[in-house]
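Here's the structure we're looking at; comments come further down.
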Amino acid sequence: MAHGPAKGITRWLFTTNHKDIGSMYLWFSFMMFFLGGIFALVIRAELFEPGLQIVEPEFFNQMTTLHGLIMVFGAVMPAFVGLANWMIPMMVGAPDMALPRMNNWSFWILPFAFAMLVSTLFMEGGAPNFGWTFYAPLSTTYAPPSVTFFIFAVHIMGASSIMGAINIIATILNMRAPGMTLMKMPLFVWTWLITAYLLIAVMPVLAGVVTMMLMDIHFGTSFFDAAGGGDPVLFQHVFWFFGHPEVYIMILPAFGIISAIIPTFARKPLFGYASMVYATASIAFLSFIVWAHHMFTVGIPLVGELFFMYATMLIAVPTGVKVFNWITTMFKGSMTFETPMLFSVAFVILFTIGGFSGLMLAIAPADFQYHDTYFVVAHFHYVLVPGAIFSITAAVYYWLPKWCGNMYNELMGKTHFWLAFIGLNLTFFPMHFVGLAGMPRRIPDYALQFADFNMISSCGAFLFGAAQVLFLFNVLRTITVGKKASDEVWENPEGLEWSVPSPAPYHTFSTPPEVR
Amino acid sequence: MYKKAIQQYAWLLGMMVCTLASVALGATDSVERWGLNMTEGVTPLSKEIYGLHMQIFWWCVAIGVVVFGVMFYTMIVHRKENGAKSSNFHESTSLEVAWTVIPFVILIIMAFPATSSLIKIYDTSESELDIVITGYQWKWKYEYLNQGVTFFSNLATPKDEIYNRVAKNPNYLLEVDEPLIIPIHKKVRFLITANDVIHAWWVPDLAVKKDAIPGFINESWAYVEEPGVYRGQCAELCGKDHGFMPIVVKAVPENEYDLWLAEKREVAEKIRALTEKTFTFDELYERGKVVYEKNCVSCHQANGEGVPGVFPAIAGSAIATGVVNNHLEIVVNGSSKNVAMQAFRDQLPEPDIAAVITYQRNAFGNNMGDSLQPIDVLNYKNK
Amino acid sequence: MSSDSTYYVPEQSKLPIFASLGLFLTVFGLANWLNGAENGPAILFVGFLVFAFVLWSWFNIVITENLQGLNSTQLKRSYVWGMGWFIFSEVMFFAAFFGALFYVRQLALPWLAGEGSHDTATETLLWPGFVAEWPLMQTPDMAANGENAKVFGPDHSMSFAEASSLWTWLPFWNTVVLLTSSITVHFAHTGLKNNNRKQFHLWLGITVFLGVVFLILQAEEYLHAYNDLGLTLSSGIYGTTFFMLTGFHGAHVTLGTFMLLVMFLRAILKGHFKHDDCFGFEAASWYWHFVDVVWLGLFLFVYILG
Ligand code: HEA
Ligand code: HEA
Ligand code: CUA
Ligand SMILES: [Cu+2]
């Protein structure tokens with residue numbers, strides 16, 4: 001059916017088009033990134049100096065919690081789903097997602113869910129203040145009343161994720177163009193396929209754990225109450241069974257993006273395609289059996305501790321395979337460093353640094369000293385910010401010309417990169433030091449010996465934030481007044497998406513392309 | 001239009017950097033600044049963990065040097081602008097095997113010392129002294145098992161320092177009213193639990209971090225070799241004042257420890273004797289103010305106004321201006337409606353409960369004019 | 001992989017956004033209600049109406065499209081994938097609750113009783129006198145605080161007592177009913193496959209009937225538990241796990257029965273479903289089999305080994 005987009009607002013409200021939905025996901029996620037970023041800036045402003053100056057501890061905890069929740073569920077995940085929506089049908093040669101109406105439903109749940117979550121800030125007793133990991137009983141018996149809204153927000157955003165994942169699986173397994181065998185799919189498609197399985201497997205578990213909380217809070221059950229025979233630690237097991245795969249949900253699609261960009265700018269095919277696929281699958285598999293590495297200090301029996309330590313360490317192997325393959329892809333290439341490539345290269349370096357600190361955390365006896373300090377905060381920001389966020393940024397620069405038909409401004413893109421790169425390292429590198437020196441996380445005020453590094457971190461955060469405003473500006477500028485881009489955009493890039501005009505037509509492949 | 005905004009933003013950043021520079025240059029106080037690394041600590045285990053930490057750190061550095069070395073080499077040499085032509089190789093099973101096996105071997109090398117340390121950490125047998133540590137929102141209770149000594153340890157940093165009204169002292173936020181005293185050269189076992197939410201008891205120098213879980217007891221241990229004062233903090237988010245529940249451990253030679261223990265018992269005896277005594281109103285009010293400021297302010301606030309929606313005000317509260325028995329009930333047995341209001345039955349001796357109730361009924365404009373004697377509290381408890 | 005040359009991309013649709021609105025109002029109202037706000041039930045009700053109406057229209061459209069022959073075999077396959085993975089996600093939801101049950105029975109209770117790797121002081125200092133047993137009749141709180149406890153265990157458990165009473169034991173009959181219903185729905189399916197409408201209608205009707213019987217028996221069982229046995233949601237971890245597992249299962253049976261009922265009505269009133277085109281019915285029957293399997297797990301771990 002060859003109809004173009006509808007006119008006016010209904011185009012967005014009622015759309016069933018994967019590109020429109022993808023765009024909405026991406027804009028939504030961008031807004032959430034800014035909102036979560038503003039919360040982070042509140043945190044950093046308070047931590048600029050010792051003493052309480054800007055916010056009260058109660059509110060500080062709400063900021064930490066909402067920052068974590070919004071970045072994870074509101075910024076990174078929807079951004080990846082947005083990219084999946086835009087790219088997967090194009091990459092596999094399909095006209096659209098498999099279930100287009102459900103696709104729009106998955107999206108529209110999110111604004112409602114996050115409106116409800118953010119509105120808790122204005123409720124009596126304040127927003128959730130128990131961290132994004134919401135350990136019971138702080139999040140049950142001792143929680144503010146708004147926790148009920150938080151629980152339902154998690155329920156419906158979980159439903160959204162599950163539907164989104166089902167859609168992606170159906171699209172990939174069922175909508176590929178003739179000749180597009182599994183082992184010919186671009187890695188972005190592969191990593192998303194595996195990510196979708198992770199989502200389907202763990203989002204229901206998250207729903208389960210918040211349901212248990214709901215019952216403990218309102219219906220007198222004893223899941224997390226030792227007095228009735230339950231156990232607060234049970235919460236953590238169920239949560240992290242979700243939570244650890246969740247962190248890979250936030251990185252596997254990033255691996256796919258990087259695997260698309262590096263070959264393009266190295267002008268050389270991806271090295272070790274098959275082993276990349278197997279490595280991704282191994283990471284996903286291992287992610288189900290390492291959850292208790294977040295709980296080394298809760299008093300798990302020795303054998304359990306050892307098991308989870310070994311299993312966690314193992315993840316370094318397949319992840320290493322990915323890193324080595326990227327570097328070998330670059331090796332003896334003919335490289336140029338446009339903005340997407342800059343972000344990708346920084347991704348490889350900084351993600352690896354984050355991986356190294358992850359490996360250190362995996363060593364249980366050492367984790368007794370690291371756990372719940374800023375060393376952990378440094379670790380996960382290194383894998384999330386130059387990991388997930390940089391990969392998304394790289395993807396936007398890389399595919400934006402295809403989406404809107406216009407080329408972004410390269411100078412501005414490079415400026416964005418360097419500001420972000422410097423800002424980010426200023427923000428998060430010193431966190432390793434204060435963490436090792438003994439600064440706990442989730443505190444609004446700290447002892448004097450941590451003062452100097454915290455000050456640097458705070459400056460870095462504001463610099464990084466400024467860089468993101470430049471990004472927004474560049475994107476808007478590209479869409480409105482950018483120079484026309486060619487169909488291929490880059491030099492001989494690989495993939496079906498480059499075989500269609502820029503901007504990509506509203507319905508890409510009404511007859512399936514032939515894939516050789 | 002946005003130029004102005006950018007200017008302001010740049011100005012803000014500039015100010016931050018200037019403050020930073022001046023603070024860094026003018027730093028003369030006695031705290032150790034720019035601390036970069038984990039402490040070696042003062043127990044054999046803490047030193048072992050430090051060694052392990054350094055070992056895995058250097059492994060990571062070494063791998064990093066190789067990996068990033070190759071990466072930078074290729075990024076510098078294989079550039080299009082340098083005339084590099086791209087090759088087309090894209091597969092090599094032997095390479096894939098190599099970079100699967102080599103990291104695996106490195107991991108095994110790391111796993112050995114890690115396993116052996118872990119086994120030692122888990123060996124809590126044959127302790128010479130047992131201390132039960134209970135986390136409360138937001139303070140610690142220390143109970144010397146079978147020694148008849150129990151006390152609470154609260155943050156001692158004055159609000160004025162926290163709110164930047166006076167200069168901060170070097171132990172800012174890391175000081176308590178009563179530290180935990182332990183003897184050196186003894187295997188001390190900590191039995192760690194919590195009363196309300198999860199806390200974590202962490203002293204870096206002892207390399208002990210263990211979660212305090214309500215309803216369960218976790219154990220850990222330390223063998224301190226050097227006398228000294230070791231500071232730590234609660235390491236699990238436990239609510240509003242999670243950042244304000246420090247831990248101070250003072251390790252002393254055994255004879256000093258014994259003296260301290262005897263003294264502690266005497267003081268407890270004295271307080272018990274006070275239960276019989278009749279206080280004047282003013283004595284009660286003064287004592288109550290002290291008790292209030294130590295035990296109640298974190299929730300009900302110094303001005304008695306509480307935190308709206310979270311902790312109720314005492315000023316004008318129905319209970320504090322109502323029947324005395326209801327007031328006694330909520331302080332002695334806590335609230336069943338909102339468990340954050342804990343039972344102070346075993347936390348405070350009778351004189352202190354009597355005093356704080358008297359204080360609450362007469363401070364913050366609650367001029368009730370009545371007062372309560374310790375013996376009344378005792379009778380209420382035994383009822 | 002596809003070899004079809006045309007794809008059907010649906011027109012714009014108002015359904016998704018209203019479905020989101022309905023869902024949002026439903027949970028928003030429920031949350032308000034639980035928090036004691038007066039307008040809660042009203043919002044919940046409106047939300048539910050919106051949601052139900054949207055679902056009604058949604059399925060209506062999907063069915064109409066199919067009847068008009070707009071659905072390619074490829075799209076039908078997408079529906080199959082969709083339903084399959086949806087059921088898998090439900091399996092994981094139950095896995096969380098089963099996991100909780102195993103964790104509590106195998107680890108938490110023994111620890112509370114001073115066994116295993118937590119310190120024995122857990123029992124001596126915190127819960128003196130507590131003994132780990134399953135079904136848990138005496139909570140740690142009761143053991144330590146007697147009359148002053150806040151969390152009491154039940155007076156009786158629901159688990160299987162002795163072989164001689166099997167025939168009067170309600171869960172046994174529930175199992176029989178549910179297992180039978182899985183077989184009857186299969187008969188209905190073969191009937192449809194063989195173009196035997198009568199067989200199809202009959203067995204499907206019986207299946208729905210059995211579903212209802214199961215639900216009635218389950219309600220009976222709950223009433224018995226609450227009124228006679230002192231077993232409630234708040235009687236410690238035993239009541240907690242018992243009601244949460246059987247309760248969520250019951251909720252799924254309700255949904256499954258409803259789905260089958262709709263299929264039944266579609267079949268007899270509208271003559272829907274053909275031997276080679278019966279996805280709606282098949283989806284409902286898969287769901288029904290899934291619910292059945294969950295019950296087997298429950299029967300084993302909650303009742304028999306309880
Ligand atoms: C995108 C997200 C992401 C990713 C990819 C990772 C990756 C890893 N993480 Fe991380 N992690 C988080 C997000 C992530 N993490 C978050 C959010 C938290 C905190 C949650 C909270 O408490 O709020 C956390 C916390 C966390 C902890 C708990 C810390 C604590 O609370 O005490 C641990 C402990 O084991 C850990 C380990 C690891 C490991 C081993 C990896 C590995 O996957 C890393 C593997 C990569 C490499 C090792 C680098 C490349 C490899 C080579 C170059 C090969 C050669 C290398 C060697 C042989 C060493 N992480
Ligand atoms: C993908 C996830 C993600 C991302 C991208 C980030 C990004 C950032 N994070 Fe986040 N963080 C988490 C996930 C993430 N974080 C998680 C999971 C936690 C744990 C929470 C918990 O403990 O429960 C955490 C915790 C956390 C802490 C610890 C809080 C504590 O323990 O109390 C800190 C402290 O500095 C921090 C800082 C930052 C900063 C400075 C950024 C920056 O990168 C953000 C930069 C972005 C911006 C600044 C937006 C740009 C917008 C503007 C500049 C606005 C200006 C414009 C207008 C006003 C119009 N984060
Ligand atoms: Cu106690 Cu944090
Ligand atoms: Cu993890």
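Because only heavy atoms are used, hydrogens play no part in the values below, and waters and symmetry mates are left out as well, while side chains stay in.
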Report which part of [X] has an atom under 4.5 Å of a heavy atom belonging to chain A: side chain, backbone, both, or neither.
{"X": "B:L237", "value": "both"}
{"X": "B:L118", "value": "both"}
{"X": "B:I49", "value": "side chain"}
{"X": "B:A207", "value": "both"}
{"X": "B:I213", "value": "side chain"}
{"X": "B:L52", "value": "side chain"}
{"X": "B:E236", "value": "both"}
{"X": "B:K85", "value": "backbone"}
{"X": "B:D196", "value": "both"}
{"X": "B:T93", "value": "neither"}

> Looking only at heavy atoms, which two atoms of B:Y172 and A:G51 are closest? And how far apart?
Replying inline: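 For B:Y172 and A:G51, the tightest heavy-atom pair comes out as OH-CA, 3.3 Å.
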
> Nearest heavy-atom pair of B:F244 and A:P444: which atoms, and what distance?
Replying inline: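 Heavy atoms of B:F244 and A:P444 come nearest at CE1-CG, 3.9 Å.
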
> Hey, mind stepping through A:Y273 and B:E91 against side-chain hydrogen bond (donor to acceptor under 3.5 Å, both in side chains) and telling me if it holds?
Replying inline: CA-CA 8 Å; A:Y273 173 91; B:E91 228 163 39; over 6 Å; no

>> If you define the side chain from C-beta out and look only at heavy atoms, does anything of A:Q53 sit under 4.5 Å from B:Y163?
In response: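 The answer is no, as the side chains (C-beta and beyond) never meet within the 4.5 Å cut-off.
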
>> Within the structure provided, determine whether B:M110 and A:M313 are in side-chain contact (heavy-atom separation under 4.5 Å).
In response: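 Yes - at least one pair of side-chain heavy atoms lies under 4.5 Å apart.
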
>> So that I can tick it off, tell me whether A:E56 and B:K240 are bridged by a salt bridge, with the cut-off set at under 4.0 angstrom between side-chain N and carboxylate O.
In response: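 Salt bridge flag = no for A:E56 with B:K240.
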
> How about A:F331 and B:H78: are their ring centroids closer than 6.0 Å?
Replying inline: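 That pair passes the under 6.0 Å test.
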
>> For A:Q369 and B:H53: C-alpha separation, side-chain torsions, deciding distance, then whether side-chain contact (heavy atoms from CB on, under 4.5 Å) applies.
In response: CA-CA 9 Å; A:Q369 292 283 41; B:H53 156 70; over 6 Å; no

> Any chance the side chains of B:N338 and A:Y142 put a donor and an acceptor closer than 3.5 Å?
Replying inline: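 There is no such pair between these side chains.
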
>> Strictly distance-based, threshold 3.5 Å: is any side-chain N or O of B:N218 a donor or acceptor partner for the main-chain N or O of A:V298?
In response: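 Side chain of B:N218 to backbone of A:V298: a pair is present.
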
